[in-house]
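One structure below.
Residue numbers run from 1 in the order of the sequence given. The figures that follow rest on heavy atoms only: side chains count, while hydrogens, waters and symmetry mates do not. Since the model is a prediction, treat every value here as computed from it, not as a measurement.
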Amino acid sequence: MTLFFTSEALGRPSLQVFGLSTQVSTRKDLDLCHRGSGESVKRGRHFHLTTAIGGETNTIRGGAPYARLAVYKTCWFNKCSCADITKAFDDAIHDNVDIISMSLGQPGTETDFMKDCFSLGALHAFQNGILVTASGGNYAEPYTVSNAAPWILTVAASSINREFISEVELGNGVLVKGFAHNNDHQNSFGTIVTGRSAANEDARPEDASACKWNSLDYSRIQRKVVVCTMENWDDDKVQKSQVIADAGGRGLIIVDPYEYTQTNLGEYRLPTSVVSQEVGDKLADYMGYYRHTALIHDTKVHFRGIKAPRMAYFSSKGPGSAPDIIKPDITAPGLNIFGAWPPSHNPNDRRDEWYNLQSGTSMACPHVSGVAAVLKGIHRKLSPAEVKSAIMTSDFPFLANDFHFLATARTTDRFGEPIQAGERDATPFDFGSGHLRPNDALRAGLVYDFNTNDVIAYLCSAGVSDWQLQNLVGEDASCPHSPVPTYNLNYPSIAVSNMKGPTTVTRTVTYLGRGTDPKKFYLDVEQPEGVNLKVQPDTLDFSDGQRTMTYTVDIQVKKRHKKGKYVFGSITWYNDRHNYVKSSFATVSDYLIVLQGPIGHSQARVSVEKSLSSAPPTWYTSQVEQSFFVSSRNVHHNQRSNNVSV
């Protein structure tokens, strides 16, 4: 299916954004919902919601509402054939689109670019001047990031400063905090029962506790508020609500011990509240000593005092599979995001029919696609790599009196504290360069560029043969006798694996300033623990009219660390107008060091991450605004075969 929205962008040539879709044949199908929700985030027009956000009237819109949108079908029932994927890319390239947004991918990492249809199609798009943005996957664990090729802009998922609170009032007058998206509430208190206590004769107690299909005695839960548990972090909460609604229940309380209470909040079939394990324990105590009743209230939306962004628990983590590349590239809002949706199946649901909340890197990716579309519309001559660099590396300084910039960098939340991933500080393996900052990307001062020839050199250094290379790039290409090291691809981050001794990395930046814009950029380096970085020159001066300048980073290890320990730092270029260009760095022989810093100004910080559950693969990636990585160990990681939407 192809859809075109032909509005033109404010006097400029119309911009085309292409979306790879996982839709199937019927309008009600969840795959169609997945596609429609993502496309509306990319370029949805202004729309007034009356009931969707806590019963208040709000206006929402997509990232690039004046872009033209084309959507092609690639997958059926979560199965994606390589032929369909490559044909979709070919059609988009033939139609001369500007941006390809891909909210699907291979589960986990794919180490062989020759066998990854998504990477192959994206490379052909890159060759034709088209930026491909892609979701990083929802597999939660290290080494699972998808779409890790360096010519793809890979997106992780994080939160925004909005919470959907659905309080539960207990019969003793106590209010406990839970999360859900309800516009319906109970008309009166109902008796609380647990799923386990309402098990039917043939069900396992564990299944009844989790409120699985065919596990409950419906006569025991009619007009009751049922307490259900979670067996796994990815249990389907909406399905639990369907089970209880079909049984005639009055309300549902889900106890989530995995601290993922704020996900999958939309389209519950009856009043629902998802509570933490701590609240669940208090609820169990209450049920043991009181006449246990409960009332689930309407949803209230909170915007103030919320620590955001935080990394979404499900967001796939690096390192990735591409040698000397940090993945994911960036993080964007992907937790409880409004998007287009077919009408609810629930006749009592009073939400706006055409919108719903969804979570996933599939929701985060369209945010970045929209920003890329706007950036491309303003700067039509930017290459795919330059657009990617502007999004990844541009930053802005701390402004104490400006509410919108309450952070020294995108690696901090709105209160200036490090972005969190669960109970720890997030690292570049979680968020890449940091959280998306659209306005900063539009005023990038410096960018890193690379083209097809640079990609060929990178692939040759990574071990691709001449005949593989020719099949891959579709032209007469061959590898040089002395290929450039993979860490010298002019990427917005820096990673160095298998470092045997002192190493020098080279980067070239392109100046985007005009007229009276500042021509001189200064250096700020945050040294990783136990590593010395020497950047030459320490000033980049474009006053003589040149558009590009090259700098080198000399890396020396001063102190050896325990294997599996990762150290993070950054390199940043900045000027008198407070344009920041931040890059990350990682290196060393038996552990990883990652530096993050911006272009235009250097805001660097160093943090230490605990060892991951297994050693990093040889092709390790760790990216921030400019990063380095080094590791000497060879480790294999599990790969999955099925292609599914992410």
Worksheet item: Do K376 side-chain atoms and L382 backbone N/O form a donor-acceptor pair below 3.5 Å?
Response: yes
Worksheet item: Any Lys/Arg nitrogen of R380 or D98 sitting under 4.0 Å from an Asp/Glu carboxylate oxygen of the other?
Response: yes
Fill in: Side-chain touch N490/R507, heavy atoms, less than 4.5 angstrom
yes
Worksheet item: Got L489 and W151 here, is their nearest side-chain heavy-atom distance under 4.5 Å?
Response: no
Worksheet item: Passes side chain to side chain contact (heavy atoms under 4.5 Å, CB included), S316 versus T361? Steps please.
Response: CA-CA 8 Å; S316 290; T361 54; over 6 Å; no
Worksheet item: Quick check: does any side chain N or O of K388 sit under 3.5 Å from a backbone N or O of I152, one acting as donor and the other as acceptor?
Response: yes
Worksheet item: Can you name the one residue among N488, D324, V535 that meets side-chain contact (heavy atoms from CB on, under 4.5 Å) with V505?
Response: N488
Worksheet item: Within the side chain of D454, is there an N or O that forms a donor-acceptor pair under 3.5 Å with the backbone of N451?
Response: yes
Worksheet item: Given S146 and Y139, is the side chain to side chain contact (heavy atoms under 4.5 Å, CB included) satisfied, shown in steps?
Response: CA-CA 9 Å; S146 302; Y139 304 104; 3.9 Å; yes
Discussion item. In the structure I gave you, are the side-chain heavy atoms of P333 and H435 within less than 4.5 Å of one another anywhere?
Written reply: yes
Item to complete: Write out all pairs satisfying disulfide bond (SG atoms under 2.5 Å apart) with one or both partners inside residues 451-501, taking only residues at least two apart or from two chains.
Response: C460-C479
Discussion item. Can you give me the closest heavy-atom contact between S119 and A149, atom names plus distance?
Written reply: OG-CB, 3.8 Å
Fill in: Test item: side-chain donor near acceptor, D84 and T74, under 3.5 Å
no
Discussion item. Side chains of S103 and P366, heavy atoms from C-beta outward: is any pair under 4.5 Å?
Written reply: yes
Worksheet item: How about M392 and L153: do any of their side-chain heavy atoms sit closer than 4.5 Å?
Response: yes
Fill in: Any donor-acceptor pair under 3.5 Å from S461 side chain to T486 backbone
yes
Worksheet item: Does any non-hydrogen side-chain atom of V155 lie less than 4.5 Å from one of S135?
Response: no
Worksheet item: Which atoms form the tightest heavy-atom contact between I337 and H367, and what is the distance?
Response: CG2-CE1, 3.7 Å
Worksheet item: Y511 vs F542 aromatic rings, parallel, tilted or perpendicular, using cut-offs 30° and 60°?
Response: parallel
Worksheet entry | Minimal non-hydrogen separation, L375 against A441, with atom names | CD1-O, 3.6 Å
Fill in: Any donor-acceptor N/O pair, R547 side chain to T510 backbone, under 3.5 Å
no
Worksheet item: With a 4.5 Å limit on heavy-atom distance, are the side chains of V132 and F89 in contact?
Response: yes
Worksheet item: So does Q536 have more than 12 non-hydrogen atoms from other groups sitting under 6.0 Å from CD?
Response: yes
Practice prompt. Identify, with sequence neighbours excluded, every residue that meets salt bridge (Lys or Arg N to Asp or Glu O under 4.0 Å) alongside K534.
Written response: none
Worksheet entry | Minimum heavy-atom distance between D449 and A385, given as atom pair plus value | OD1-CB, 3.5 Å
Worksheet item: Any side-chain heavy atom of F431 within less than 4.5 Å of one from P328?
Response: no
Worksheet item: Counting only N and O atoms by type, is there a donor-acceptor contact under 3.5 Å from the side chain of Q470 to the main-chain atoms of S478?
Response: no
Item to complete: Return yes if a side-chain donor-acceptor contact under 3.5 Å exists between S369 and T133, otherwise no.
Response: yes
Fill in: Distance in Å, T552 OG1 paired with L533 CG, rounded so as to fall on 0.5 Å steps
11.5 Å
Worksheet, complete the sentence: In this structure, CG of D466 is separated from CD1 of I456 (nearest 0.5 Å) by 10.5 Å
Discussion item. Can you tell me how the ring of F126 sits relative to the ring of F450, calling it parallel under 30°, perpendicular over 60° and tilted otherwise?
Written reply: parallel
Item to complete: Kindly determine whether D430 and T427 satisfy side chain to side chain contact (heavy atoms under 4.5 Å, CB included), including the steps that lead there.
Response: CA-CA 5 Å; D430 299 298; T427 75; 3.5 Å; yes
Worksheet item: Donor-acceptor pair, K381 side chain versus S383 backbone, under 3.5 Å?
Response: no
Item to complete: Take V509 and Y448 through the side chain to side chain contact (heavy atoms under 4.5 Å, CB included) test and state the conclusion after the steps.
Response: CA-CA 5 Å; V509 292; Y448 296 87; 3.5 Å; yes
Practice prompt. Indicate yes or no for a side-chain donor-acceptor contact from S389 to the backbone of V447 under 3.5 Å, with no hydrogens or angles considered.
Written response: no
Worksheet item: Minimum heavy-atom separation for S315 to A157, with atom names?
Response: OG-N, 3.0 Å
Worksheet entry | Distance-only donor-acceptor check, side chains Y491 and D329, under 3.5 Å | yes
Worksheet item: For Q420, what residues pass the side-chain contact (heavy atoms from CB on, under 4.5 Å) criterion, not counting sequence neighbours?
Response: R310, P418, D425
Practice prompt. Provide the closest heavy-atom pair for T331 versus S158 in the form atom of the first, atom of the second, distance.
Written response: OG1-OG, 2.8 Å
